[in-house]
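Lettering of chains follows the sequences in order, A, B, ..., and the numbering in each one begins at 1. Because the structure is predicted, anything quoted here is derived from the model rather than measured.
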Amino acid sequence: MEKMGWNYSDTVKDHFLKPHNVLSIEESEYQPDGVGFVGSPACGDMMKIFIKVKNDRIVDLKWQTFGCASAIGSTSVLSDMVTENGGMTLSEAYTITPEDIIKKLGGLPSNKIHCSVLGDKALREAINDYYKKSGRVDLIPHDKESRVVCHCLNVTEHDIKMEVLEGVKDFDELQKRTKAGTGCGKCVSEIKQIMTEMVEKYYKDTIYKG
Amino acid sequence: MIYLDNNSTTPLHPEVKNKIVSILDLYGNPSSAHQIGREAKSYIDEARKTIADFFKCLPEEIIFTASGSEANNTILKSASSCCSKHCSMGGKKHIISSVIEHPSVLNTLRCLEGENTEITYLPVDKFGMISKESLLAAIRPETSLISIMFANNEIGTIQPIAEFASIAKEKGIQFHTDAVQAVGKVDIDLSTLPIDFMSVSGHKIYAPKGIGLLFRRKGTHENICPLITGGHQEDSLRAGTENTIGIIALGEAFRQLKKEMNTEIPHLINLRNRLETGIKENISHVRLNGHPEKRLPGTLNLSFDAIEGESILLRLDLMGIAVSTGSACSSGSLDPSHVIMALGVEAEQAHGSIRFSIGRENTIDDIEYTIKTVKEVVETLRRISPIKLK
């Protein structure tokens, strides 16, 4: 029997089988300047990103991932994106979106998109961690203190409120944009409640359809 | 390729394949009165008799369906929506089932819940066993049907069906079992087992896809409502011109099963036990999902801590080994296996679960290669995992 087509692109397969930039030594030995850790084993995805920074550029990035082939492949490809050509600046790296990663991977099956949104989040966490450690908290663009509502995909209450303020009034639309509640799903009712409250507060005459 | 996914489906038995090839030109409609039709009918009768002999039931108690799922649907929908006039189940609107049933039962029950039928889903213990006490407690005056699977497809746990069926009989409630995984692996003697209905699938026992059967006991509860209405094939309980080739193939599969079961079961147990001890001796942090003893002979469901099932599956696939997983990532949905979650374990254990299901064609060499390969794959994935094992 010859190999049948994979559900994944060749790029995902290559990165899954021979992942680049995996942290293969102890974290203490590697001495990262910033560490980002998102997801949980209960959700089936968990990513840890370690960065080394020089002159506001990410000169090295290592990672560890618990997850499926697309989670492993997307973290690996992200590590290449960030470190190639001498490394991205911190502000460049901060703006990487799941779409950028998926494009680099040559696409993902639609039910796998949520697996790739953790990589960029873990990276931003790592950058925030670096800012914190280097005493530049003011540079953290994200409301780091906001409470995490969706633990699987690390979406905060602040994130949800910002989405609503940007005009997202529909739960499906919010999910499309943030992937919130697409993991274990335990937070869905809470997210809907936050949305309802925000919609009522800011869009009194618009009815929120859950 | 080493195929260790026999609970999912099986390859054709070589004798079944020969049989199919020999009858490909048998085109007559079994309902036709002429010779060509009668010839097709005689083959179907023979297959029905072979199967009835296997189960020690009457040939007319077997209704051929297109799948085990269809058999399950027929019984459950009959119990819920059937008219009280024609059907022995009509009127009563409470069904007892379990949380670990196959989706063809669970999703059908969910439909029925929307149609005024109440369902009680019995829980399972950490081994996947349903307790007699919970069954007794769930029974109500309006309970029309108890439907409990014989053996679970994911973890292989075998339920005490004879005991449950006796309780049902005592209370005058009809009893159905989805025996799709149990057939050929567990002795099922319908002359002593007091069940009323049973679902069976062909492709799990080396027959082709697209053929299954529903057993319904004559005399007590023979009136059920057909799922597919039309002509009077299968005693008017399953309309549509018979899948002649599928039925004959199924008959042949049962003929082979009768011959081989006694040697096949120990073969499966041997290989399964070797696989289980081999993996446990070579890999740390491995947990068994399912009952250690009351389990299907060829089924081994293990959870590997700190790594995710789809990654294991795909790497094994590339190394030439076919298995399945209860991880969310391979199911198409985002939920991990409902069966493993029902055991009361952490979601992590379901995400890292792999089912090995052994079949008649597997050899000890397959198992030794699998042990070695699983060890390599697990070690590689654990090296890139952020979860550190103690």
Side-chain angles (χ1 to χ4, degrees), chain A residues 1-4 6-8 12-13 15-27 35-50 62-73 75-76 109-115 122 152-153 175 179 181-186, chain B residues 1-3 5 11 285 287 303-322 324-338 340-341 344-354 373 376-389:
Chain A
M1 186 179 71
E2 222 352 271
K3 297 276 178 294
M4 299 302 293
W6 253 47
N7 286 333
Y8 294 117
V12 179
K13 184 171 157 181
H15 279 271
F16 169 59
L17 286 178
K18 292 199 173 68
H20 306 174
N21 305 309
V22 173
L23 182 74
S24 52
I25 53 173
E26 289 298 313
E27 186 180 332
V35 180
F37 199 3
V38 296
S40 87
C43 311
D45 285 301
M46 198 173 177
M47 285 178 198
K48 203 167 183 179
I49 283 182
F50 311 85
K62 293 278 186 280
W63 58 271
Q64 290 171 329
T65 288
F66 161 85
C68 61
S70 65
I72 290 170
T75 335
S76 177
S110 60
N111 62 336
K112 294 288 178 180
I113 303 288
H114 77 284
C115 304
C152 292
L153 293 141
Q175 276 205 321
K179 320 293 173 201
T182 57
C184 71
K186 277 186 192 142
Chain B
M1 198 79 189
I2 295 174
Y3 188 72
D5 200 14
H285 298 86
R287 288 179 274 186
S303 284
F304 297 91
D305 289 355
I307 51 178
E308 195 272 342
E310 193 220 41
S311 291
I312 306 172
L313 182 151
L314 289 176
R315 276 183 176 255
L316 287 177
D317 181 40
L318 291 165
M319 303 288 284
I321 299 170
S324 78
T325 168
S327 133
C329 266
S330 76
S331 67
S333 79
L334 288 157
D335 303 318
S337 151
H338 71 284
I340 297 181
M341 293 305 289
V345 301
E346 296 292 320
E348 183 186 352
Q349 190 167 332
H351 287 300
S353 68
I354 293 288
T373 311
E376 281 168 25
V377 166
V378 169
E379 282 173 356
T380 307
L381 289 170
R382 279 183 179 166
R383 269 200 294 277
I384 65 174
S385 170
I387 303 168
K388 296 297 160 217
L389 296 167

Q) Which distance, rounded to the nearest 0.5 Å, do you find between the CD of B:E310 and the OG of A:S70? A) 6.5 Å
Q.
As an exercise, state the distance from OG1 of A:T65 to CD of B:E308, rounded to the nearest 0.5 Å.
A. 11.0 Å
Q: Measure distances from B:I387 to the heavy atoms of chain A and classify the residue's part below 4.5 Å as side chain, backbone, both or neither.
A: side chain
Q. Between A:Q64 and B:K388, is any pair of side-chain heavy atoms under 4.5 Å apart?
A. yes
Q.
Run the side chain to side chain donor-acceptor pair (under 3.5 Å) test against B:S311 and tell me which residues pass, sequence neighbours left out.
A. none
Q) Heavy-atom distance under 4.5 Å between the side chains of B:L318 and A:L17, does that happen here? A) yes
(Q) Could you work out, with side chain to side chain donor-acceptor pair (under 3.5 Å) as the rule, every residue matching B:S385, not counting sequence neighbours? (A) none
Q.
Between B:R315 and A:F16 (side chain of the first, backbone of the second, donor and acceptor by atom type, cut-off under 3.5 Å), is there such a pair?
A. yes
Q: Heavy atoms only: give me the nearest A:K48-B:P386 pair and the separation to one decimal.
A: CB-CB, 4.0 Å
Q: State the NE2-CE distance between B:H351 and A:M46, to the nearest 0.5 angstrom.
A: 12.0 Å
(Q) Any heavy-atom pair between the side chains of A:F66 and B:I384 that's under 4.5 Å? (A) no
